Amino acid sequence: AALATVQYKSGALRSSISTWEKLLKISPLSLLALESRDNLCSSMVDRWHFRMLNDEQRNRGFQEAIGRAVAEGRKTVLDVGCGTGFL
């Protein structure tokens with residue numbers, strides 16, 4: 001835990017995440033490791049991402065387009081570049 005904290009404070013975020021994950025392999029129920037890793041991962045997400053995911057007009061457009069494709073009998077929808085699994 002101390003190493004992950006030092007890595008985080010020195011700006012080595014990916015190394016810190018890796019260290020927390022190694023600790024979780026040893027101690028999967030460590031709340032400190034779970035919360036620290038999850039918080040660190042969350043802090044690395046660009047903030048524009050949240051605005052995009054909460055854009056009701058954009059999401060409604062996707063929902064309507066997918067609904068039309070399914071109603072027309074298509075069985076496959078290709079999601080290119082979203083990266084969230086949101087659709």
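Bear in mind that the values here come from a model prediction, so they are computed numbers and not experimental data.
- Here the CZ atom belonging to Arg58 is positioned 12.5 Å from the CD atom belonging to Gln63, to the nearest 0.5 angstrom.
- Looking at residues two or more places apart in sequence or on another chain, you find a salt bridge (charged side-chain N to carboxylate O under 4.0 Å, His left out) between Arg74 and Glu72.
- A 4.5 Å side-chain heavy-atom check between Ser18 and Lys22 finds at least one atom pair inside the cut-off.
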N/O donor to acceptor pairs below 3.5 angstrom from side-chain atoms of residues 3-13, sequence neighbours left out:
from  : atom 1 : to    : atom 2 : distance (Å)
Thr5  : OG1    : Ala1  : O      : 2.9
Gln7  : OE1    : Thr19 : OG1    : 2.6
Gln7  : NE2    : Thr19 : OG1    : 3.3
Ser10 : OG     : Val6  : O      : 3.2
Ser10 : OG     : Gln7  : O      : 3.0

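- Here the straight-line distance linking atom OG of Ser30 with atom CG of Leu23 works out to 5.0 Å at 0.5 Å rounding.
- Although no hydrogens or angles enter the test, the distance criterion places a donor-acceptor pair under 3.5 Å between the side chain of Asn59 and the main chain of Asp55.
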List the atom pairs, donor and acceptor, that lie under 3.5 Å between side-chain atoms in residues 33-45 and the rest of the protein, sequence neighbours left out.
from  : atom 1 : to    : atom 2 : distance (Å)
Ser36 : OG     : Leu32 : O      : 2.7
Asn39 : ND2    : Glu35 : O      : 3.2
Ser42 : OG     : Asp38 : O      : 3.1
Ser43 : OG     : Leu40 : O      : 2.7

